[in-house]
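The next block holds one structure in the form of C-alpha cells; read it before the comments.
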Amino acid sequence: MAKTATPKTYEVAIIGAGIAGCSTAYYLARQSVRVAVFDRGPVAGEQSSRAWGFIRKQGRHPAEIPLAAEASVLWDEITDEFGFDSTQRVKSGILMPAKTAEDEELVETSYRDAQTHRLASEILDAKALKEKLPELAGSWRCALFTRDDGHGDPKLSTHTVARAAKAAGAEFFNDEVIIDFTTTRGRVTGVRTLRNTYQCAKVVVASGIGSRRLLAKLGYNLPVQNIRSSVGLTTATTPFTQIAMWAPTTAYRPRPDGSFIIGNGYRNAGTDYDLTLQAFTNLRYFLPALKQNQGLLRIGLGRDTIRSLTDLLPGKGKHSPLSEPATNIAKVKQNLAEFRVMFPHISGLTLADSWAGRIDTTPDLIPVIDLLHGYENVYALCGFSGHGFALGPVVGKQMSKWIVDGAPSLDLSKFKSSRFTDGDYEIIKAA
C-alpha cells in the first residue's frame, strides 16, 4: 500500500495573492510566522493589477482615514526599501476639483473630514488651482488638494510585496484553487485544493470577489457583491504633471512615461453592476445603497450573470478560472473625451489599452476586516470597494498584529462583519 504523504502544516493560510493577502504574508513572515498564500491564479491576477493606483487619504469614508494615513507611511517605507521602480510611488498630491455648487459641497465635506483627522489638505480657489496646474482648461470653482497624497503602480507594487514576503519565508501556491476547508471541533484545521490538503492553525480569506463564496462554505453570509469598473491607458506625451486628479466626469493618474491611466469621475461614475443569482441573496442590504447612488451604477446582465447560472450545473464552472471581465469601452472612451477637454494641449492622445476589473463591494463601501465569530480562527479581508490597493499594506500589518499579538493597534471596529446584521452602518455616496 502506498504511503500517504503528510500534509504540509502552516501557522497561517492566506487565501488570495492580491495586495491585502501579500501584505499580510509579508508582515507575518517578517515575524517568522510560517505562512502560505494560495491563489487560483498568479500574484495580482485580478483587481490588484487593474486598479487606478491612487494612494489617498482625502475623499474617503471617515472610518478609513486613519488606515489610509498609516498606509501612506508604509508605502513610503516599502518604496524606500525596494526603490522607486518597485512601486512607482509618487507623493505629488491629488486634486478633487469642483465645477458646480453640488461639486463644491462635496469638496467642502471632504475637507471637513480631512481637518478632523489633521490631514495636509487645503481648498484651492480658482486662481490657486490654475497656479497649481496651469494646463488645466475650463471654469472651476475650487479644488480639494492633499499635498502628500499620491499614486503608484498596483501591479508592480503587489509583485514587490509578494517577492518581499517570499524572501522573508512565506510560501506561495499559485494556480491552486481552494475548494473547501477542513474543520475539527469548531475550528478550521486546513484548506483543501483540487490536488492537496494543507493544515493550518489560522486562515485569512483575502480573495477579493471570491471571498464571499469561500466564507459561505463555513456558514458565513457576508453582504459582498461584485461590480465592474473599466479603465483606460492613453498613449504617451511629454510629461507635464505628477499630480493625479479625481474630477467630476473623469479621473486620471499620470505615469512616468507620459501616459495616463483614465478612470471614472465622481459624478455619474458609470460602474457596471452585473446581476447574478448571488446578488439577490443580500439585496435587502444593497437596496438603500443603490437608491443613494443612483446614476453611479449601471445595472444589467453580463458574463458574470451567465456564469452564476452555469455554476449551478453539476461539474460546471465552480473551480474554473474566471474569464476576463468585459470592458465598458463606451465609458472608457467617454472618460478619455472628458480628459481631452480638460487638457486641450494633449488632445491628440489616443487610447492605447483598456481593461476592466471586478471589485468586491459592501453596502457601506468600506471593507470587512474582522476575526469572524463561530470558528474563532478565521479572518476576513474583503469588500474593499475599490480601495484595496492603497490600504493593502496597513491592512496586512494590522492583520499580522491581530494574529501575532492578539489585537490590532488601530481601531477596526467600524469594519466588523456583524455591522450589517446589527444595522450599525451608514450608507454614503460612492467614493
### Task
Would you give the length of the straight line joining atom CD of Gln88 to atom OG1 of Thr160, rounded to the nearest 0.5 angstrom?
10.0 Å
### Message
Test your reading of the model: is there a side-chain donor-acceptor pair from Ser385 to the backbone of Gly383, 3.5 Å cut-off?
### Response
yes
### Query
Between Asp113 and Arg60, is the closest basic N to carboxylate O distance under 4.0 Å?
no
### Task
Would you indicate whether the side-chain heavy atoms of Asn264 and Lys331 approach each other to under 4.5 Å?
yes
### Query
Salt bridge check: are Asp180 and Arg192 linked by an N-O gap of less than 4.0 Å?
yes
### Ion pair Asp370/Lys416, N-O distance below 4.0 Å
no
### Backbone N/O of Gly41 and side chain of Asn174: donor-acceptor pair under 3.5 Å
yes
### Which atom of Pro248 lies closest to which atom of Pro97, heavy atoms considered
CD-O, 3.6 Å
### Message
Measuring only between side-chain heavy atoms, which start at C-beta, is His387 closer than 4.5 Å to His61?
### Response
no
### Summary
The reported gap from OG in Ser400 to CG in Asp405 (rounded to nearest 0.5 angstrom) is 7.5 Å
### Side-chain heavy atoms of Thr189 within contact of Asn377, under 4.5 Å
no
### Message
Other residues, nucleotides and ligands only: do more than 12 of their heavy atoms fall within 6.0 Å of CD on Glu105?
### Response
no
#### Entry: Heavy-atom pair with the smallest gap, counting every atom of Ala162 and Cys22
CB-SG, 3.8 Å
### Query
Do Ser409 and Gln398 have side-chain N/O donor and acceptor atoms under 3.5 Å apart?
yes
### Message
For the residue pair Lys217 and Phe181, would you count it as a cation-pi contact if the rule is NZ or CZ under 6.0 angstrom from the ring centre and within 45 degrees of the ring axis?
### Response
no
### Short side-chain to backbone donor-acceptor contact, Ser23 and Gly396, under 3.5 Å
no
### Message
Is it true that, when you exclude Glu122 itself, more than 12 heavy atoms of the residues, nucleotides or ligands shown sit nearer than 6.0 Å to its CD?
### Response
yes
### Query
So Arg89 and Ser72, side-chain contact (heavy atoms from CB on, under 4.5 Å) or not? Walk me through it.
CA-CA 10 Å; Arg89 160 77 156 139; Ser72 182; 3.0 Å; yes
### Message
Set out, in order, the CA-CA distance, both residues' side-chain angles and the distance that settles side-chain contact (heavy atoms from CB on, under 4.5 Å) for Ile78 and Ser157, then state yes or no.
### Response
CA-CA 9 Å; Ile78 292 167; Ser157 300; over 6 Å; no
### Task
Quick one: closest heavy-atom pair of Tyr27 and Lys397, and the distance?
CD1-N, 3.5 Å
### Task
Answer yes or no: is there a donor N or O on one side and an acceptor on the other, between the side chain of Glu11 and the main chain of Arg34, under 3.5 Å?
yes
### Query
Can we say Lys414 and Glu64 salt-bridge, meaning some charged N sits less than 4.0 Å from an Asp/Glu carboxylate O?
no
### Query
With a 4.5 Å limit on heavy-atom distance, are the side chains of Arg419 and Asp364 in contact?
yes
### Query
Under 3.5 Å, side chain of Thr235 to main-chain N/O of Thr350, donor-acceptor pair present?
yes
### Modelled atom types, side-chain donor and acceptor of Gln115 and Tyr111, under 3.5 Å
yes
### Query
Of all heavy-atom pairs between Pro154 and Arg253, which one has the smallest distance, and what is that distance?
CD-NH2, 3.9 Å
#### Entry: Phe38-Tyr198 aromatic ring centre distance below 6.0 Å
yes
### Message
Rounded at 0.5 Å granularity, tell me how far CZ in Phe415 sits from OG1 in Thr362.
### Response
10.0 Å
#### Entry: Gap separating the CZ atom of Phe173 from the CD1 atom of Ile178, nearest 0.5 angstrom
9.5 Å
### Task
Assess whether salt bridge (charged side-chain N to carboxylate O under 4.0 Å, His left out) is satisfied between Glu176 and Arg195, documenting all intermediate values.
CA-CA 8 Å; Glu176 191 89 1; Arg195 294 189 289 269; 2.4 Å; yes
### Query
So do Arg50 and Arg358 actually touch side chain to side chain, heavy atoms under 4.5 Å?
no
### Message
Could you check whether Glu338 and Thr250, counting side-chain N and O atoms only, form a donor-acceptor pair closer than 3.5 Å?
### Response
no
### Message
Is the shortest side-chain heavy-atom distance between Ile94 and Ile243 below 4.5 Å?
### Response
no
### Query
How close do Ala165 and Phe172 get, heavy atom to heavy atom, and via which atoms?
CB-CE1, 4.0 Å
### Query
Under 3.5 Å, is there a donor-acceptor pair linking the side chains of Thr327 and Ser230?
no
### Message
Donor-acceptor pair, distance only, cut-off 3.5 Å: does the side chain of His151 make one with the backbone of Arg255?
### Response
no
### Task
Flag the pair Leu106 / Met96 as yes when at least one side-chain heavy-atom distance between them is below 4.5 Å, and no otherwise.
yes
### Query
Ignoring hydrogens and geometry, is there a side-chain-to-backbone donor-acceptor pair from Tyr220 to His373 under 3.5 Å?
yes
### Task
Just do the side-chain contact (heavy atoms from CB on, under 4.5 Å) check on Trp75 and Thr87 with the steps written out, would you?
CA-CA 8 Å; Trp75 278 118; Thr87 64; 4.2 Å; yes
### Query
Of Lys91, Lys57, Arg118, which meets salt bridge (Lys or Arg N to Asp or Glu O under 4.0 Å) against Asp148?
Lys57
### Query
At their closest point, which heavy atom of Ser48 faces which heavy atom of Gly18, and how far apart are they?
OG-CA, 3.4 Å
#### Entry: Heavy-atom donor-acceptor pair, Ser49 side chain to Glu46 backbone, under 3.5 Å
yes
### Task
Dump the intermediate steps for side-chain contact (heavy atoms from CB on, under 4.5 Å) on Leu215 and Val378, then the final yes or no.
CA-CA 9 Å; Leu215 291 169; Val378 177; 4.0 Å; yes
### Task
Would you confirm whether Ser211, through its side chain, and Gly208, through its main-chain N or O, come within 3.5 Å as a donor-acceptor pair?
yes
### Query
Under a 4.5 Å cut-off applied to non-hydrogen side-chain atoms, are Leu218 and Leu372 in contact?
no
## Note on the structure
To the nearest 0.5 Å, atom CG of Leu233 lies from atom CG of Asp257 at 7.5 Å
### Query
Would Arg267 and Asp103 pass as an ion pair if we require N to O under 4.0 Å?
yes
### Task
Indicate whether the side chain of Gln58 and that of Thr146 have a donor and an acceptor atom separated by less than 3.5 Å.
yes
### Query
For the residue pair Tyr266 and Trp246, does the interplanar ring angle fall in the parallel (under 30°), tilted (30 to 60°) or perpendicular (over 60°) class?
perpendicular
### Distance (rounded to the nearest 0.5 Å) between Thr421 OG1 and Asn221 CG
10.0 Å
### Message
Are Phe260 and Phe240, when compared by the centres of their aromatic rings, separated by less than 6.0 Å?
### Response
yes
